Amino acid sequence: MKVLMINGSPRKGGNTSIALQEMEKTFREEGIEVETVQIGNEDVRGCIACNTCATKGQCVFDDVVNELASKFEAADGLVVASPVYFASANATLVACLDRLFYSTGFDKSMKVGASVAVARRGGCSATYDELNKYFTISGMPVASSQYWNSVHGRKPGDASQDIEGLQTMRVLARNMAFLMKSIALGKEKYGMPKQESEHIYTNFIG
Ligand SMILES: Cc1cc2nc3c(=O)[nH]c(=O)nc-3n(C[C@H](O)[C@H](O)[C@H](O)COP(=O)(O)O)c2cc1C
């Protein structure tokens with residue numbers, strides 16, 4: 001059983017890393033394999049809506065997004081974590097997730113998702129909601145914790161003092177591990193939910 005964690009921060013050893021390290025430790029205690037990829041310093045451009053991915057099966061820009069695609073496909077769960085920038089997820093992470101979710105055709109349903117927002121003070125719940133949108137359009141159950149998943153700190157290292165935030169991370173990882181294990185058992189016993197043969201797409205003009 002495996003979890004992929006994407007860290008949107010550009011700062012090595014920053015507060016988002018501290019939040020994710022707390023989750024990593026808990027996942028390992030739960031017997032879950034973890035891989036964390038930090039993308040905040042990568043040159044990740046936004047989606048150009050070329051739709052090349054529809055025929056090629058991967059993004060036209062062959063960068064970290066295509067590397068993440070195969071890791072995501074192999075994972076049972078995905079954690080996305082962002083430093084809050086102007087009450088939003090940071091732009092590099094948003095560009096990465098737009099392209100990752102848009103360009104990959106594999107079935108994401110029943111992979112468990114969790115998002116984490118890290119800020120000095122404000123914008124955590126807006127960022128948390130923003131990141132959960134990727135999961136909830138993809139048939140992915142969302143793991144939650146005892147509080148909306150946020151950790152506070154400004155300078156790198158500050159987050160280690162946010163003891164409530166770190167407990168929230170541990171509880172989140174435990175809940176997520178439980179969900180992933182339960183879904184694996186459910187798949188064995190009941191199989192995956194039946195899928196409709198055609199995915200209907202409409203817009204407001206037809
Ligand atoms: C461009 C920019 C915008 C920011 N906007 C916010 C914000 O809206 N709210 C907030 O509380 N902190 C904001 N911060 C502070 C970071 O969220 C905070 O320092 C966080 O701990 C960074 O995480 P990291 O160490 O993992 O990079 C901002 C920082 C930067 C660089």
Side-chain angles (χ1 to χ4, degrees), residues 2-30 32 34-42 44 68 71-72 75-98 100-101 108 111-138 140-180 183:
K2 194 171 173 185
V3 166
L4 172 65
M5 307 216 281
I6 303 177
N7 179 354
S9 171
R11 299 204 288 196
K12 295 268 177 232
N15 294 316
T16 311
S17 297
I18 290 170
L20 289 182
Q21 278 157 15
E22 201 69 12
M23 290 187 76
E24 245 172 66
K25 270 188 267 164
T26 312
F27 279 131
R28 296 222 160 89
E29 283 162 19
E30 294 288 329
I32 309 271
V34 190
E35 181 173 1
T36 306
V37 182
Q38 182 158 7
I39 57 100
N41 260 331
E42 300 275 342
V44 184
L68 286 169
K71 296 178 196 286
F72 182 18
D76 304 286
L78 177 69
V79 177
V80 291
S82 184
V84 174
Y85 286 0
F86 292 93
S88 165
N90 70 313
T92 310
L93 181 64
V94 171
C96 174
L97 294 176
D98 283 356
L100 179 64
F101 276 78
K108 300 168 186 72
K111 291 180 188 290
V112 178
S115 58
V116 173
V118 179
R120 179 184 72 83
R121 182 165 290 271
C124 286
S125 9
T127 303
Y128 171 73
D129 290 344
E130 176 186 6
L131 293 173
N132 283 338
K133 297 288 194 308
Y134 293 95
F135 310 136
T136 50
I137 197 174
S138 308
M140 295 175 63
V142 178
S144 62
S145 185
Q146 62 193 25
Y147 194 86
W148 300 302
N149 309 329
S150 53
V151 175
H152 289 278
R154 183 174 69 85
K155 297 187 301 304
D158 281 354
S160 55
Q161 293 171 58
D162 179 8
I163 59 168
E164 180 177 348
L166 295 181
Q167 184 174 59
T168 305
M169 295 301 103
R170 295 192 296 276
V171 173
L172 174 62
R174 259 179 239 123
N175 288 351
M176 189 166 169
F178 177 82
L179 257 182
M180 289 190 299
I183 287 171

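Because the structure is predicted, anything quoted here is derived from the model rather than measured. Positions are given from 1, in the same order as the sequence printed here.
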So, Arg28 and Glu24, do they make that salt bridge, N to O below 4.0 Å?
yes
Atom of Ala81, atom of Thr16 and distance for their closest heavy-atom approach:
CB-CG2, 3.5 Å
Check Gly14 against Pro156 and note the closest heavy-atom contact, atom names and distance.
CA-CB, 4.1 Å
To the nearest 0.5 Å, what is the distance between CG on Leu179 and CG on Asp76?
12.0 Å
Approximate separation, where rounding is to 0.5 Å, of Phe135 CZ and Ser115 OG
5.5 Å
Checking Met176, Met180, Lys2 against Ile32 for side-chain contact (heavy atoms from CB on, under 4.5 Å), the one that qualifies is Met180
What heavy-atom pair brings Ala159 and Asn15 nearest, and what distance separates the two atoms?
N-OD1, 2.9 Å
Could you check whether any side-chain N or O of Asn41 sits under 3.5 Å from a backbone N or O of Pro10, counting only pairs where one atom can act as donor and the other as acceptor?
yes
Is the backbone of Ser82 close enough, under 3.5 Å, to the side chain of Asn90 for a donor and an acceptor to pair up by distance?
no
What's the separation between atom CG in Leu68 and atom SG in Cys96, rounded to the nearest 0.5 Å?
5.0 Å
Would Thr26 and Val171 count as a side chain to side chain contact (heavy atoms under 4.5 Å, CB included) here? Give the steps.
CA-CA 8 Å; Thr26 312; Val171 173; over 6 Å; no
Result of checking Val142, Ile6, Leu93 against Leu131 for side-chain contact (heavy atoms from CB on, under 4.5 Å)
Leu93
Interatomic spacing from CG in Asp162 to CD1 in Ile18 - rounded to 0.5 Å:
10.0 Å
Name all pairs fulfilling the side-chain hydrogen bond (donor to acceptor under 3.5 Å, both in side chains) condition that reach into residues 141-159, sequence neighbours left out, sorted by first residue then second.
Gln146-Gln167
Exam field: side chain Lys111 to backbone Phe72, donor-acceptor pair closer than 3.5 Å:
yes
Working to the nearest 0.5 Å, report the span between CZ of Arg170 and CG of Asn175.
13.0 Å
Using every non-hydrogen atom in the two residues, find where Val84 and Ala117 come nearest and quote the distance to one decimal.
CG2-CB, 4.0 Å
Report the C-alpha separation of Tyr134 and Leu78 in whole Å, then their side-chain angles, then the decisive distance to 0.1 Å, and conclude whether the side chain to side chain contact (heavy atoms under 4.5 Å, CB included) test is met.
CA-CA 11 Å; Tyr134 293 95; Leu78 177 69; over 6 Å; no
Of all heavy-atom pairs between Ala119 and Cys124, which one has the smallest distance, and what is that distance?
CB-SG, 3.6 Å
Would you call Glu22-Lys25 a salt bridge at under 4.0 Å N-O?
yes
From Met5, Met23, Gln21, residue fulfilling side-chain contact (heavy atoms from CB on, under 4.5 Å) relative to Thr36
Met5
What is the minimum heavy-atom distance between Gln38 and Ser9, and which atoms define it?
NE2-O, 2.7 Å
About how many Å separate CD1 of Ile183 and CE of Met140, when rounded to the nearest 0.5 Å?
9.5 Å
